[in-house]
Asks: 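Before I ask anything, let me first share the structure, which is written out below as structure tokens.
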Amino acid sequence: MSVAAVLSGLGAWLPPRVVDNHELSQRLDTSDEWIRARTGIGSRHVADPGTSTVDLAAEAGHRALASAGIESVDALLLATSTPDQPCPASAPQVATKLGLNGIAALDVNAVCSGFVYALATASGLIAADVAQTVMVIGADTFTTLVDPEDRGTVPIFGDGAGAVILRAGEPDELGALGPVDLHSDGELAELLWVAAGGSKQRQSANPSDYFLAMQGTAVFRHACARMAESSRVVLDKAGWMVADVDRFVGHQANIRILQATAKQLGMPADAVVSNIETTGNTSAASIPLALNDACLDGTLMAGHKVLLSAFGAGLTWGSAVLRWPEVVPG
Ligand code: COA
């Protein structure tokens, strides 16, 4: 029988400082009503200066190890697009912080789709017998990328980290990662990007080029269409009907995106899992954070058929399915 990557541990971490919409509306031309109505977000967690992506990732990773009841893994994948430095990757520093110096460690940058991309990569490492256990962390500090003066992006993003442990197991076990579907479209990179500071536009006279620029309406439209399309592909590969899905854990970009995607799929609204009200969009951290919260509050239970779907800058998007295991968040 072929080897599967089985989810056996889960953990998350949010920086303690909470910034609610009322606080934002004191310095930006916006309101709690507008942000809630357009996005479903009420507050977000923000990492204070001195707290980095590596710090958040290590906290989540530590909890995932405790949840799995293990002290070490063979490999660590960090899904992030806000590493501590432009070079090197941050994953080795996370491993060191966890006392796992020496293990295989690399970053996966597929922005908000990064967690689903990293799950697929981890599954490949396990299938190829490169690793028996892999920690997959989604961690981002997107509040460091947004222009503090931009009311179009500031309300949307928050910081955080979520982590899972995958171990080699059997495809028919609860927690075994099922089919995965991944895509990208670099022609549309400009819809959501930071223009300057990389190897192409090394310097810019326009300070806003160093911050995240977003064409919100176009991103919204692509997010719904691509997540619905990709969800149909994995469901088909898994042999599941839409009606079989107990929980849809999509990237927490906007409650209206999640609802519209579910509607396009013909899925009941109560299958949609969302914690965006208190987290905002935490990029690669959003799916594992939503899994963690849903597991803690009993929304997600062992045996549930779970559909994961993500969309992000790049553009990138992808989906995966699994039957939820017996797991207690660490
Ligand atoms: N507060 C108040 N008004 C705001 C505002 C804010 N924070 N941000 C924008 N507006 C204004 C706009 O200036 C515009 O005003 P105008 O009509 O006078 O020009 C109006 O609200 C409508 O803006 P629009 O951009 O059309 O609103 P929208 O319904 O598309 O909602 C987003 C904006 C950003 C919430 C929405 O497009 C979105 O969520 N897009 C996807 C973003 C995303 O998920 N990105 C990450 C993907 S991984």
Side-chain angles (χ1 to χ4, degrees), residues 19-44 79-82 108-117 138-160 162 182-186 188-194 208 211-228 230 249-262 264 272 274-277 279-290 308-319:
V19 175
D20 68 15
N21 295 344
H22 297 288
E23 185 177 337
L24 287 187
S25 61
Q26 281 163 19
R27 62 179 179 84
L28 292 170
D29 182 14
T30 189
S31 65
D32 180 53
E33 294 73 27
W34 192 96
I35 300 168
R36 280 183 188 275
R38 300 291 177 121
T39 68
I41 299 166
S43 60
R44 70 288 296 144
T80 191
S81 51
T82 51
V108 174
N109 183 351
V111 199
C112 298
S113 309
F115 183 73
V116 174
Y117 266 75
D140 269 307
T141 48
F142 247 64
T143 63
T144 62
L145 281 190
V146 294
D147 177 351
E149 306 299 322
D150 179 14
R151 71 173 182 172
T153 51
V154 168
I156 292 176
F157 294 99
D159 302 329
L182 302 174
H183 298 277
S184 73
D185 183 352
L188 298 175
E190 290 179 37
L191 290 184
L192 189 55
W193 78 350
V194 179
S208 68
F211 290 119
L212 188 76
M214 179 176 79
Q215 296 180 38
T217 310
V219 170
F220 190 108
R221 196 166 38 82
H222 281 289
C224 301
R226 301 286 92 81
M227 287 205 291
S230 170
V249 187
H251 168 48
Q252 307 287 308
N254 181 322
I255 191 66
R256 289 161 56 225
I257 291 177
L258 291 169
Q259 289 164 345
T261 305
Q264 284 189 31
V272 175
S274 182
N275 63 350
I276 195 169
E277 208 257 333
T279 61
N281 179 345
T282 55
S283 191
S286 92
I287 288 182
L289 272 169
L308 310 178
S309 192
F311 175 87
L315 301 176
T316 55
W317 62 96
S319 304

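Because only heavy atoms are used, hydrogens play no part in the values below, and waters and symmetry mates are left out as well, while side chains stay in. Both counts, for ligands and for their atoms, begin at 1 and track the order of listing.
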Asks: Check ligand 1 against the protein and report each N/O to N/O distance under 3.5 Å, formatted as atom name, atom name, distance.
Replies:
from     : atom 1 : to     : atom 2 : distance (Å)
ligand 1 : 1 (N)  : Thr30  : OG1    : 2.7
ligand 1 : 3 (N)  : Trp34  : NE1    : 3.3
ligand 1 : 3 (N)  : Arg151 : NH1    : 3.4
ligand 1 : 7 (N)  : Thr30  : OG1    : 3.0
ligand 1 : 7 (N)  : Arg151 : O      : 2.9
ligand 1 : 13 (O) : Arg151 : NH2    : 2.9
ligand 1 : 27 (O) : Arg38  : NH1    : 3.1
ligand 1 : 29 (O) : Arg38  : NH1    : 2.6
ligand 1 : 30 (O) : Thr217 : OG1    : 3.4
ligand 1 : 37 (O) : Gly216 : O      : 3.2
ligand 1 : 39 (O) : Asn254 : ND2    : 2.7
ligand 1 : 40 (N) : Gly216 : O      : 2.9

Asks: Between Ser113, Ser319, Ser309, which is the residue that forms a side chain to side chain donor-acceptor pair (under 3.5 Å) with Ser230?
Replies: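 When Ser113, Ser319, Ser309 are each tested with Ser230, the side chain to side chain donor-acceptor pair (under 3.5 Å) holds only for Ser319.
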Asks: Is the shortest heavy-atom distance from the side chain of Val219 to the side chain of Phe311 under 4.5 Å?
Replies: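 Counting from C-beta outward, Val219 and Phe311 do come under 4.5 Å.
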Asks: Would you indicate whether the side-chain heavy atoms of Asn281 and His251 approach each other to under 4.5 Å?
Replies: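 Sidechains of Asn281 and His251: in contact.
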Asks: I need the full list of side-chain hydrogen bond (donor to acceptor under 3.5 Å, both in side chains) pairs touching residues 214-225, with sequence neighbours left out, sorted by first then second residue.
Replies: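 Sorted result for residues 214-225: His222-Arg226.
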Asks: Between Asn109 and Tyr117, is a side-chain contact (heavy atoms from CB on, under 4.5 Å) present by the stated rule, with each step listed?
Replies: CA-CA 9 Å; Asn109 183 351; Tyr117 266 75; over 6 Å; no
Asks: Is a salt bridge present between Glu277 and Arg36, judged by a nitrogen-to-oxygen distance below 4.0 Å?
Replies: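 Salt bridge between Glu277 and Arg36, a charged N being under 4.0 Å from a carboxylate O: yes.
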